[in-house]
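Each chain gets a letter, A, B and so on, in the order its sequence line appears, and its residues count up from 1.
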There are 2 protein chains.
Amino acid sequence: MPTSDPSAGSVWLRPERPPRDRRLDRGRIVAAAVAVLDAEGHRGLSMRRIAADLGVTAGSLYWYVNGKDDLLELALDHVLGEVRADPEEPDWRRALGDLARSQRAMLLRHRWVLPELAVRPNLGPNALALAETGLGLLARAGFADADLDAAMAALNDHVVGAVIAEISWRDALARMRDTGTGWAEQAADHLRRVSERHPLLARRMAATREIDVERESVRRFEFALQCLLDGLAARRPR
Amino acid sequence: MPTSDPSAGSVWLRPERPPRDRRLDRGRIVAAAVAVLDAEGHRGLSMRRIAADLGVTAGSLYWYVNGKDDLLELALDHVLGEVRADPEEPDWRRALGDLARSQRAMLLRHRWVLPELAVRPNLGPNALALAETGLGLLARAGFADADLDAAMAALNDHVVGAVIAEISWRDALARMRDTGTGWAEQAADHLRRVSERHPLLARRMAATREIDVERESVRRFEFALQCLLDGLAARRPR
DNA sequence: ACCTGAACACCGTTCAAGT
DNA sequence: ACCTGAACACCGTTCAAGT
């Protein structure tokens with residue numbers, strides 16, 4: 001006798017129940033969160049949104065993570081895993097420079113990471129592994145003890161600070177294009193008035209107007225990086 | 001004949017109506033916002049909370065600011081005004097170093113600023129004035145054109161990056177104290193397992209355990225700062 | 001064990017209506 | 001002009017109840 005009970009009928013008509021009936025796990029949740037963050041930034045992220053993307057209810061997520069803060073910590077460590085370094089590179093300046101460039105590239109791919117970095121401690125497995133490889137490169141370069149910490153911090157700080165400035169520069173430009181010509185005129189007026197009180201700033205802004213943002217960002221990044229490496233070279237034992 | 005109408009009775013019994021009957025202005029709103037942010041951080045801030053502190057309804061704030069984003073931009077520029085520099089200091093290294101130290105102190109007084117810095121462009125009057133004085137110091141030191149921009153960026157980036165790292169270090173320590181001994185044991189277990197895979201990190205963490213965070217933060221800040229200034233000195237014209 | 005659905009206590013923002 | 005009060009469309013989080 002036919003019925004609408006899904007447990008009735010031939011076995012072949014009933015799909016095999018997935019192992020332990022799980023539709024979720026941390027990996028899937030974190031991946032969904034990173035996807036939303038990359039596409040729409042911090043403002044687009046909500047527990048309800050992630051749940052919807054996974055075809056599930058918001059409450060379900062709390063079975064796997066303690067809350068939104070936990071989830072962001074996991075997402076942060078996840079993308080930290082994208083940073084690459086070559087522990088065999090013999091030239092220590094090149095090795096550390098490439099590590100810094102790889103960090104920069106990751107931070108630019110995931111622009112939501114930086115505010116997160118500023119707001120929560122960061123002790124996931126990928127963060128620790130990254131720290132270890134950085135320390136390894138510096139140790140091979142000859143640094144030890146307190147100077148090892150300070151040199152590592154100096155390089156990390158440069159990357160973080162530089163990318164913050166770069167992102168906020170790019171955002172300002174993007175906002176200027178989006179808001180159209182009306183805003184541009186208004187801004188021009190504002191800048192003209194400001195320029196009278198800030199001649200140096202005005203001159204530099206005029207000079208930077210035509211410049212390609214990508215090229216100029218790279219140039220500034222490398223400038224400070226080489227300054228730092230020079231300073232480190234002068235302090236390097238032996 | 002007595003009545004409860006407040007407009008009745010002697011003039012002396014009616015308080016003088018305040019000028020234009022204003023209870024609010026941007027200055028008061030921004031000050032209230034900064035107070036909440038300093039005391040309770042970004043999570044404690046809400047339009048309703050600010051309004052309540054000012055004895056007013058949330059909707060009223062929208063007469064003076066376009067929204068929460070505007071308000072945060074104003075608050076950010078407000079505290080940027082606290083940074084000090086001495087444009088007469090003859091030693092250019094000392095002048096730039098002191099500026100960096102003043103920026104660091106401000107960022108540590110207002111720990112909510114850094115994530116804000118990472119998330120919105122920053123073109124308020126105090127931000128521009130600060131940029132102008134920085135450029136002035138570097139120009140007096142002999143830098144010009146593209147190197148002027150790069151040198152300014154290098155110093156700013158260092159301050160921002162260093163304070164981000166310092167705050168997240170301090171937060172991690174504070175959290176460890178707050179969550180009590182149970183968490184400490186758990187963390188110790190975790191770290192023991194981690195240490196096997198990360199010997200360099202383990203050694204440095206052990207060495208840093210006893211150290212005063214304030215002293216060590218200053219030491220690292222100065223280390224990178226002097227590295228940078230060395231690099232700048234080598235690139236300085238004349 | 002794992003997920004739903006409803007509820008709770010919040011948000012930012014808008015806007016008619018009052019004065 | 002300036003502020004209220006209510007409403008709208010959201011939040012994160014909790015938790016009994018289902019399977």
Side-chain angles (χ1 to χ4, degrees), chain A residues 3-8 14-30 32-33 36-37 40-76 112 115-116 119-120, chain B residues 3-9 14-30 32-33 36-37 39-76 112 115-116 119-120:
Chain A
T3 164
S4 63
D5 181 351
S7 71
R14 276 181 279 119
E16 185 187 16
R17 170 178 278 187
R20 307 258 338 132
D21 210 15
R22 267 164 174 271
R23 312 174 58 185
L24 253 44
D25 59 63
R26 274 201 175 177
R28 285 174 53 86
I29 294 175
V30 171
V36 173
L37 286 166
E40 306 177 33
H42 202 153
R43 302 194 63 150
L45 189 77
S46 76
M47 299 301 271
R48 288 171 149 96
R49 165 67 190 271
I50 297 169
D53 286 356
L54 293 168
V56 110
T57 299
S60 326
L61 304 177
Y62 290 82
W63 186 261
Y64 298 92
V65 291
N66 274 329
K68 202 185 184 183
D69 274 348
D70 261 38
L71 183 48
L72 282 167
E73 221 165 311
L74 292 169
L76 173 57
W112 50 272
E116 238 42 63
V119 101
R120 67 188 78 251
Chain B
T3 162
S4 62
D5 181 351
S7 71
R14 277 181 278 119
E16 185 187 15
R17 171 178 277 186
R20 309 262 331 138
D21 210 15
R22 268 162 174 272
R23 311 174 59 185
L24 252 43
D25 59 62
R26 273 201 176 177
R28 284 175 54 87
I29 295 175
V30 171
V36 173
L37 286 165
E40 307 177 34
H42 203 151
R43 300 194 64 147
L45 189 78
S46 75
M47 299 302 271
R48 287 169 149 97
R49 165 66 190 273
I50 297 170
D53 286 356
L54 294 167
V56 110
T57 299
S60 326
L61 304 178
Y62 290 82
W63 186 261
Y64 299 92
V65 291
N66 273 330
K68 203 185 185 185
D69 274 347
D70 261 37
L71 183 48
L72 282 167
E73 221 164 310
L74 291 168
L76 173 56
W112 49 273
E116 239 42 63
V119 102
R120 67 188 77 252

Quiz item: Where does DNA chain D pair, written as one dot-bracket string 5' to 3', with Watson-Crick or G-U pairs under 3.5 Å, ( ) inside the strand, [ ] for crossing pairs and | for another strand?
Solution: ||.|||||...|||||.||
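- Here the C1' atom of nucleotide dC2(C) and the CG atom of L24(A) are 9 Å apart, to the nearest Å.
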Would you tabulate the nitrogen or oxygen pairs shorter than 3.5 Å linking the protein to nucleotides 13-15 of chain C?
residue	atom	partner	partner atom	Å
dT13(C)	OP2	Y62(B)	OH	2.7
dT13(C)	OP2	K68(B)	N	2.8
dT13(C)	O5'	Y62(B)	OH	3.3

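- Rounded to whole Å, the distance from CG on D70(B) to P on dG12(C) is 14 Å.
- Without hydrogens or angle criteria, R28(B) side chain to R23(B) main chain gives a donor-acceptor distance under 3.5 Å.
- Considering only side-chain N and O atoms, R49(A) lies nowhere under 4.0 angstrom from the phosphate OP1 or OP2 of dG12(D).
- Taking 4.5 Å as the limit, some side-chain heavy atom of L71(A) sits within range of a side-chain heavy atom of I50(A).
- OP1 or OP2 of dC3(D) has not a single side-chain nitrogen or oxygen of W63(B) nearer than 4.0 Å.
- Scanning for salt bridge (Lys or Arg N to Asp or Glu O under 4.0 Å) contacts around E73(B) gives an empty result, with sequence neighbours left out.
- Atom CE of M47(A) and atom OG1 of T57(A) lie 12.5 Å apart (nearest 0.5 Å).
- Residue contacts shown for S46(A) are limited to sugar-phosphate atoms, with no base heavy atom under 4.0 Å away.
- Counting to the nearest Å, the P atom of dG12(D) and the OH atom of Y64(A) are 19 Å from each other.
- Here D70(A) contributes atom CG and R120(A) contributes atom CZ; the two are 9.0 Å apart, rounded to the nearest 0.5 Å.
- Taking atom CG on D25(A) and atom C1' on dC2(C), their separation rounds to 13 Å, with Å as the unit.
- Atoms CD1 (I50(A)) and P (dC11(D)) sit 11 Å apart, rounded to a whole Å.
- Interatomic distance, Y64(B) OH to L24(B) CG, rounded to the nearest 0.5 Å: 5.0 Å.
- We find the CZ-CG distance between R49(B) and L54(B) to be 10.5 Å, quoted to the nearest 0.5 Å.
- Here the CG-CH2 distance, from L76(A) to W112(A), works out to 6.5 Å after rounding to the nearest 0.5 Å.
- With rounding to the nearest 0.5 Å, the separation of CG in D69(A) from CG in L74(A) is 11.0 Å.
- For the pair L71(B) CG and dG12(C) C1', the interatomic distance rounds to 12 Å; values are reported in whole Å.
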